Amino acid sequence: MPSFNILVLGGDHIGPEVVAEAVKVLQSAESHPAVAAKGIKFNLDHDLLGGQSIDVHGIPLTEAVIEKAKKSHAVLFGAVGGPKWGMTGELRPETSVLDLRRALNCWANIRPAKVPSNGVAKCSPLKESIVKGTDFIVLRENCGGVYFGDKQEFSSEKPDYASDVWGYHRWEVERIAKMAAYLSRKHGGTKGPSRITNIDKANVLAVCRLWRDAVWKIRDAEFPDIPMTNQLSDSLALVMVKNPRSLNGVVLCDNIFGDLFSDEAAAVVGSLGFSPSACLAGIPGDGTNSPGMYEPSHGSAPDLQPNCANPVATIQSAAMMLRYSCDLDFLADAIDEAISVALDDKEAGGLEVRTGDIGGSASTTEMGDAIVASLKVILDKMV
Ligand code: NAD
Ligand code: IPM
Ligand code: MN
C-alpha cells in the first residue's frame, strides 16, 4: 500500500492559505477512484514554522518539527516571515527555512521557470513573443555559500562593520554539478541532454573561480556529452529578460545567485505564484532516502489581503513532491495538466481562472477549486 507521511508547514501570512489549496488538491486526488484504486494514501501532519512557531513556542523551528520532518517522506511548506516579527532581530522567522533545509541536508533546490499554461504567457510583464517557450530550471545550491559562512554581526563593541563569509568546498560544488547533469538529461528527454548554463562571477570572486573549476572538471570527467557554457551573473540578469528562451535547460547557480535569479525567472514567466521548488538531499535514484522539502519560491507576501494570493506555485510544488518523493509521476503530470487547464483561456478550452497577480480577480480558494475540478476531469479519464 503506497502510503506517504507528509509534514505540512504552512508558516505565516499567505503560507497557510496557499498550502491549504495544495492539501485540497492532494486530498481530492487521494479520494478519486483512479487514485484510490492504487491504494495511495497521504497521511498529513500539520505543524508550525516561522512566526507562528515564535508566537507559540518562542522559537521559529522546534526540535520536535525537525524530528517529525526527518521521519516524513516529504515536507510541504508555504512561507514564513512578516512585519510582526521583523527580519533583523535575533528571533527571525526566516532562519527556520534555512535551518530546516540544513537539518534535512536538502542541498539541491530545483526551481523550474516555465509558463504553466499557454493562455497565461500574456500575463508576463515581458512581451508574449519573448516569454513563449521559456523552459529552464534554476538549480540552486541550497546548503552552502554565503548563506552559511561565518558571520560577524555588528554590535555595540563593533558598530560599524559586519561580514558574511562566502566559501565553498569543492565537494559541495561537485555534487550540485552532478545534479545539474541529472536535470539536463531529464529536461532534454529523448532529444538528448539540455544545455547547462553555469553562473558565476569568476572574473572577480575567488569563491567563483573554485566553483567554475570544480563544475568544469566534473563535467569533463563525468558528462562530457552535455553541452555547458559559462555566463557571468551580471549578464545573466540581462539575458534572462532579453532572451529567456536562450537559457532553456539548466541554469546552475550557487546559493545567493540562485535566490536572486529564481525570483527574476518567476517574473519572466508571469508571477512568483508560478515558481515552485523542490529541495532535495540527493539525486533521484541514487538511493538517498532523506525527505525532500517542497515550497513555492515566494515569501509570505504580507502586503496581500487574505484569500487573494496565487496558490499555483505551492500546488506545483506538491506535484514536484509526488514526482521526487513519492514516485507518482502519473499524478504529478495530472496535477500539472489540471493547473494548465484551470488557467488557460476559455476559447482554448480552459477555465480562465486567474488571481490578481496575473491580472485576474479570482480568490486563492477559487483558484484551488478550479484546479480540483480540472483534475477530476483528467482523473475520470483514467478510471
Ligand atoms: P514575497 O515573495 O513575499 O513578495 C514579493 C511580491 O510578490 C509581493 O508584492 C507579493 O505580494 C507578491 N507575491 C508573492 N507571492 C505571491 C503569490 N503567491 N500570489 C500573489 N502575489 C505574490 O517577498 P518579500 O515581500 O520580499 O518578503 C515578504 C516576507 O517573506 C519577508 O519576511 C521575507 O523574509 C519572507 N520570505 C520568505 C520566504 C520563505 O519562507 N521561503 C521566501 C521569500 C521571502
Ligand atoms: C527563498 C527565500 C529564503 C532564501 C529566505 C526566506 C531564507 O528567499 O526560499 O528563496 O533566501 O532562501
Ligand atoms: Mn528567495
Side-chain angles (χ1 to χ4, degrees), residues 9-22 48-54 60-61 75-89 91-102 106-111 116 120 123 125 138-148 164 253-267 269-279 293-317 339 343 354-368:
L9 302 170
D12 306 317
H13 291 283
I14 67 166
E17 293 182 2
V18 290
V19 161
E21 297 312 302
L48 303 175
L49 194 74
Q52 301 286 331
S53 175
I54 292 176
L61 171 64
V75 176
L76 182 62
F77 160 56
V80 297
K84 177 177 179 192
W85 304 282
M87 46 177 111
T88 56
L91 275 181
R92 301 184 298 279
E94 288 79 0
T95 58
S96 63
V97 183
L98 304 178
D99 290 347
L100 194 51
R101 287 176 185 161
R102 259 283 177 105
C106 283
W107 48 266
N109 191 336
I110 302 168
R111 295 187 157 178
V120 291
C123 302
V138 175
L139 173 60
R140 170 184 182 190
E141 198 291 324
N142 213 32
C143 279
V146 69
Y147 271 62
F148 294 99
D164 296 89
C253 296
D254 96 305
N255 203 340
I256 182 82
F257 288 147
D259 180 44
L260 305 178
F261 291 121
S262 56
D263 265 43
E264 188 184 355
V269 299
S271 173
L272 266 170
F274 291 158
S275 179
S277 85
C279 302
M293 195 169 152
Y294 300 86
E295 49 180 85
S297 303
H298 62 69
S300 60
D303 56 322
L304 294 182
Q305 293 299 311
N307 202 19
C308 67
N310 184 348
V312 167
T314 312
I315 298 169
Q316 291 174 306
S317 302
I339 290 170
L343 288 167
R354 294 172 194 161
T355 42
D357 54 311
I358 45 169
S361 58
S363 66
T364 309
T365 43
E366 283 166 347
M367 190 73 237

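Computed from a prediction, not measured in an experiment: that's the story for all the values here. Read the numbers this way: they start at 1 and go in the same order the structure lists the ligands and their atoms.
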Asks: Does any non-hydrogen side-chain atom of Leu9 lie less than 4.5 Å from one of Leu100?
Replies: yes
Asks: Just jot down the ligand 1 atoms closer than 4.0 angstrom to any heavy atom of Glu94, in number order.
Replies: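 Checking each atom against Glu94, I get 31 (C), 32 (O), 33 (C), 34 (O), 35 (C).
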Asks: If I take atom OG from residue Ser262 and atom CG from residue Leu139, how far apart are they, to the nearest 0.5 angstrom?
Replies: 11.0 Å
Asks: Run down the list Asp12, Asp263, Val80 and name the one with the heavy atom closest to atom 39 (C) of ligand 1.
Replies: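 It is Val80 whose heavy atom sits nearest to atom 39 (C) of ligand 1.
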Asks: Distance under 4.0 Å to a non-hydrogen atom of Gly299: what atoms of ligand 1 satisfy this?
Replies: 1 (P), 2 (O), 3 (O), 30 (O), 36 (N), 37 (C), 38 (C), 42 (C), 43 (C), 44 (C)
Asks: For the SG atom of Cys279 and the CZ atom of Arg111, what is their distance to the nearest 0.5 Å?
Replies: 6.5 Å
Asks: Regarding atom 30 (O) of ligand 1: of the candidates Ser300, Ala309, Gly81, which has the closest heavy atom?
Replies: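 Selected option, by shortest heavy-atom distance: Ser300.
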Asks: With heavy-atom distances below 4.0 Å as the criterion, list the atoms of ligand 1 near Met87.
Replies: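 Listed by number with element: 31 (C), 32 (O).
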Asks: Starting at CG of Asp259, measure out to CZ of Arg140 and round the result to the nearest 0.5 Å.
Replies: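 With rounding to 0.5 Å, CG (Asp259) is 4.0 Å from CZ (Arg140).
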Asks: Among all the protein's non-hydrogen atoms, which is closest to atom 28 (C) of ligand 1, and how far away is it?
Replies: Pro302 CD, 3.5 Å
Asks: Has ligand 1 got any nitrogen or oxygen that is less than 3.5 angstrom from a nitrogen or oxygen of His298?
Replies: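 Yes.
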Asks: To check you understand the geometry: which heavy-atom pair defines the closest contact between Gln316 and Gly273, and what is its length?
Replies: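 Gln316 and Gly273 have their closest heavy atoms at OE1-O, 4.4 Å.
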Asks: Determine whether the side chain, the backbone, both or neither of Ile14 has a heavy atom under 4.0 Å from any heavy atom of ligand 1.
Replies: side chain
Asks: With a 3.5 Å distance limit and no angle check, can you tell me whether Thr364 reaches the backbone of Cys308 through a side-chain donor-acceptor pair?
Replies: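 Yes.
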Asks: State whether the side chain of Arg102 and the backbone N or O of Cys143 hold a donor-acceptor pair below 3.5 Å, judged by distance alone.
Replies: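 Pair found, side chain donor or acceptor close to backbone of Cys143.
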Asks: In a simple table, one pair per line, please give the protein and ligand 2 atom names for every N or O pair closer than 3.5 Å, along with the distance.
Replies:
{"unit_1": "ligand 2", "atom_1": "8 (O)", "unit_2": "Asp259", "atom_2": "OD1", "d": "3.3"}
{"unit_1": "ligand 2", "atom_1": "9 (O)", "unit_2": "Arg101", "atom_2": "NH2", "d": "2.7"}
{"unit_1": "ligand 2", "atom_1": "9 (O)", "unit_2": "Arg111", "atom_2": "NH2", "d": "2.8"}
{"unit_1": "ligand 2", "atom_1": "10 (O)", "unit_2": "Arg111", "atom_2": "NH1", "d": "3.0"}
{"unit_1": "ligand 2", "atom_1": "10 (O)", "unit_2": "Arg111", "atom_2": "NH2", "d": "3.3"}
{"unit_1": "ligand 2", "atom_1": "10 (O)", "unit_2": "Arg140", "atom_2": "NH1", "d": "3.3"}
{"unit_1": "ligand 2", "atom_1": "10 (O)", "unit_2": "Asp259", "atom_2": "OD1", "d": "2.9"}
{"unit_1": "ligand 2", "atom_1": "11 (O)", "unit_2": "Tyr147", "atom_2": "OH", "d": "2.5"}
{"unit_1": "ligand 2", "atom_1": "12 (O)", "unit_2": "Arg101", "atom_2": "NH1", "d": "2.7"}
{"unit_1": "ligand 2", "atom_1": "12 (O)", "unit_2": "Arg140", "atom_2": "NH1", "d": "3.1"}
{"unit_1": "ligand 2", "atom_1": "12 (O)", "unit_2": "Arg140", "atom_2": "NH2", "d": "2.7"}

Asks: Is it the side chain, the backbone, both or neither of Pro311 that has a heavy atom closer than 4.0 Å to ligand 1?
Replies: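 For Pro311, there is no contact with ligand 1 at all, from either part.
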Asks: Need the ligand 1 atom indices (1-based, order shown) with element for anything under 4.0 Å from a heavy-atom of Phe77.
Replies: 40 (O), 41 (N)
Asks: Got a second to check how far Thr314's OG1 is from Tyr294's OH, nearest 0.5 Å?
Replies: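 Nearest 0.5 Å value for the OG1-OH distance: 14.5 Å.
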Asks: If you take the nearest heavy atom of each of Thr314, Asn310, Leu304, which one is closest to atom 21 (N) of ligand 1?
Replies: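 Nearest option to atom 21 (N) of ligand 1, by heavy atoms: Leu304.
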Asks: Hey, which of Glu94, Glu141, Glu295 is the one that makes salt bridge (charged side-chain N to carboxylate O under 4.0 Å, His left out) with Arg101?
Replies: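 Output: one option passes, namely Glu295.
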Asks: Determine whether Pro83 and His13 make a side-chain contact, defined as any pair of heavy atoms from C-beta on separated by less than 4.5 Å.
Replies: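 Answer yes - side chains close enough.
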Asks: Does the protein put any heavy atom within less than 4.0 Å of atom 9 (O) of ligand 1?
Replies: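 So atom 9 (O) of ligand 1 has protein heavy-atom neighbours under 4.0 Å.
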Asks: What residue and heavy atom of the protein are closest to atom 7 (O) of ligand 1, and at what distance?
Replies: Leu272 CD1, 3.7 Å
Asks: Protein heavy atoms near atom 26 (O) of ligand 1, is at least one of them under 4.0 angstrom away?
Replies: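 It does not; no protein heavy atom is within 4.0 Å.
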Asks: Considering only N, O or S atoms, which atom of Asp259 is nearest to the Mn ion (ligand 3)?
Replies: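 Of the nitrogen, oxygen and sulfur atoms in Asp259, the Mn ion (ligand 3) lies nearest to OD1.
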Asks: In Å, rounded to the nearest 0.5 Å, how long is the span from CG of Asn109 to OG of Ser297?
Replies: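 Reported value, rounded in 0.5 Å steps: 6.5 Å.
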Asks: Would a 4.0 Å cut-off, counted as strictly less than, catch a protein heavy atom around atom 32 (O) of ligand 1?
Replies: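 There is a protein heavy atom less than 4.0 Å from atom 32 (O) of ligand 1.
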Asks: My understanding is that only one of Asp357, Ile315, Leu272 makes a side chain to side chain contact (heavy atoms under 4.5 Å, CB included) with Asn310; could you say which?
Replies: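 By the side chain to side chain contact (heavy atoms under 4.5 Å, CB included) criterion, Asn310 pairs with just one of Asp357, Ile315, Leu272: Asp357.
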Asks: So between Ser96, Ala301, Gly82, whose heavy atom ends up nearest atom 4 (O) of ligand 1?
Replies: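 Looking at heavy atoms only, the winner is Ala301.
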Asks: Run the side chain to side chain contact (heavy atoms under 4.5 Å, CB included) test on Ile358 and Leu343 for me, step by step, so that the C-alpha distance in whole Å, both residues' side-chain angles and the decisive distance to 0.1 Å come before the verdict.
Replies: CA-CA 10 Å; Ile358 45 169; Leu343 288 167; 3.9 Å; yes
Asks: Kindly compute the distance separating CG (Leu49) from OG (Ser96), expressed to the nearest 0.5 Å.
Replies: 3.5 Å
